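Any value given below was found using the heavy atoms of this structure, including those in side chains, with hydrogens, waters and symmetry copies removed. Ligands are counted one by one from 1 in listed order, and the atoms in each one are counted from 1 as well. Quick caveat, the model's predicted, so the values are computed rather than measured.
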Amino acid sequence: MKDLLQLNFDFEKSKNRLMKHLKKGGFTTLFEVKSPSRDSDFRTSVEFLKSMDSAVGKIKGLYTGLAITDKSDSINSWNVANFATEGLSKSNLDNNIIYISGKNGKLGDITDTIKQCSNSGLRNIIPVTGDGFSDELKPAQGKRQPCFDSIHSLKIIQGLHDSDVIYPGSAMNPFKYSSLDIFPQYFKLVKKINFGAQFIVAQAGWDMMKLQELRWFLDLREFHIPTIARLILLTPDLVENILRGKYPGVHISRDFKNILEKENRYGFKQFASAQWRRLQLQVAGCRLIGYSGVQISGIERPEHISTAAIKIKEALKEFKDLSAWNTAYMSHISRADMAPFEHRFYLYKNLLKSTNNQKPEINPDGIASCSIFTKLHYLLCKSMFSRDNFLVPDEHRLTKKIFTGCTSCSYCRLPMTHYICPEQCPKGLANGPCGGSRIDGRCEVIDKPCIHIKRAKTAGWLNEIDILEENYIKHPDMVSKVKVQ
Ligand code: SF4
């Protein structure tokens with residue numbers, strides 16, 4: 001009897017087909033659906049999700065699922081776990097991915113949503129910090145609305161009694177083009193892997209060299225975990241929104257913009273067919289450079305799912321060799337520079353060079369050096385505040401305000417953040433950057449450099465990069481008491 005119970009238990013635990021498929025090295029195609037804003041009718045949105053789920057269920061010869069994103073258009077969305085549980089077929093829940101956004105998120109709500117997903121069989125979870133629409137987050141609106149860092153959500157998953165049935169992933173933005181901006185992204189990625197992320201979804205972009213850069217980084221660091229590339233099927237409206245900066249962290253280079261304008265000039269049909277072809281080339285390229293799948297955004301009608309599936313199957317059949325694919329891809333993009341002017345930093349020098357056996361050659365330009373002013377700031381703060389997380393918050397209030405912009409939060413994290421106050425980040429992130437910084441490394445919400453760039457430079461000077469990858473800094477809500485000595 002005991003053995004029988006054990007058998008059932010193990011069967012339940014291992015019932016995660018997407019996880020098994022990815023771990024076995026299979027290729028998967030996910031179609032993205034947004035959880036709806038509360039301004040829309042919940043039942044109508046659920047019916048739409050059902051129709052997308054049913055369209056995915058009819059695809060043969062391709063491993064498919066849906067990726068349900070959370071709070072993508074608004075912080076005021078219906079709960080993603082309720083939405084997914086209502087709209088997805090019960091027999092197929094483990095083939096889908098659920099995003100849980102920390103945008104305007106609170107510890108209790110996020111914990112409940114994660115538990116709800118796990119209890120209802122939604123096992124593939126990607127916590128994201130959430131992008132910040134500037135009008136929702138800017139301090140001028142009165143109270144700032146911090147985001148709940150995905151690192152904290154990963155820690156919550158690790159702490160659940162059934163954490164081994166959840167397959168947690170991580171989102172990452174590899175499309176960064178200055179050395180200042182790219183290194184902090186990778187430090188945070190390693191931290192997410194250290195805290196439980198078992199697969200990665202790369203944020204949207206068109207630069208295949210950046211996608212290969214991510215794969216090479218993981219291989220060189222010996223993180224043998226699956227990666228999925230998020231690809232966007234563009235429409236003229238989407239292009240316009242991206243160019244207007246509506247999607248933080250998603251960039252279109254000047255060359256690529258020219259190509260899109262040219263495609264658009266000949267009418268919608270030609271534009272659409274060029275986008276399908278580009279998507280085909282990207283999907284095939286992703287598989288050839290070692291990706292385990294793609295997550296396709298921009299497919300908004302169930303009938304387009306079968307078209308996409310046919311095109312993806314054709315592309316995977318057409319290209320079996322990186323060299324042939326490279327020739328076709330370069331010709332399709334007219335050898336355009338996909339890096340946005342004037343930034344074009346890559347971690348490796350020989351990306352997308354034709355053969356499958358190409359070995360990474362590391363770009364010797366590392367992280368930029370730390371200025372004298374930053375060094376002095378660090379040394380001064382260290383001499384004054386190095387024990388401040390053990391003191392009552394009111395200690396040193398004035399000097400801390402002058403030197404770090406202290407906002408007197410309940411739990412001082414300065415000694416853990418190289419004396420750069422995380423409250424200076426509009427999202428309140430202490431464990432590393434979000435993916436939304438602008439192309440020049442400035443913050444996506446306010447017009448200042450991202451604080452995590454300054455921190456990475458300081459850590460580089462002190463030879464403490466490992467701290468950025470390994471040390472977990474608790475969210476103030478997760479700290480029960482401030483120690484008083
Ligand atoms: S300071 Fe950096 S991490 Fe914080 S919101 Fe701005 S870009 Fe994101």
**Q.** Numbering as shown, the atoms of ligand 1 that approach Ile451 to under 4.0 Å (heavy-atom distance)
**A.**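 It comes down to these atoms of ligand 1: 1 (S).
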Q: Go through the steps to decide whether Glu213 and Phe217 satisfy the test side-chain contact (heavy atoms from CB on, under 4.5 Å), and finish with yes or no.
A: CA-CA 6 Å; Glu213 182 180 80; Phe217 174 86; 5.7 Å; no
(Q) Applying a heavy-atom cut-off of 4.0 Å, say which part of Gln424 lies close to ligand 1: side chain, backbone, both or neither. (A)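 No part of Gln424 is near ligand 1 at this cut-off.
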Protein residue, atom and distance nearest to [atom], heavy-atom basis:
atom: atom 6 (Fe) of ligand 1; answer: Cys443 SG, 2.3 Å
atom: atom 2 (Fe) of ligand 1; answer: Cys450 SG, 2.4 Å
atom: atom 4 (Fe) of ligand 1; answer: Cys425 SG, 2.3 Å

Q.
I'd like to know if atom 2 (Fe) of ligand 1 has an N/O/S atom from Cys434 within less than 2.8 Å of it, counting both backbone and side-chain atoms.
A.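 Coordinating: no.
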Q: Check whether the ring centres of Phe148 and His475 lie less than 6.0 Å apart, and answer yes or no.
A: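 Here the rings of His475 and Phe148 have centres that are less than 6.0 Å from each other.
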Q. When you measure from the centre of the six-membered ring of Tyr472, is the NZ or CZ of Lys155 under 6.0 Å away and within 45° of the axis?
A.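 Judged by the rule, Lys155 and Tyr472 form a cation-pi pair.
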Q: Answer yes or no: is there an ion pair linking Glu444 with Lys427, defined by an N-O contact shorter than 4.0 Å?
A: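 Looking at Lys427 together with Glu444, the answer is yes, because their closest N to O distance falls below 4.0 Å.
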Q: Could you tell me whether Arg438 and Asp447 make a salt bridge, using a distance below 4.0 angstrom between a side-chain N and a carboxylate O?
A: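 A salt bridge links Arg438 with Asp447.
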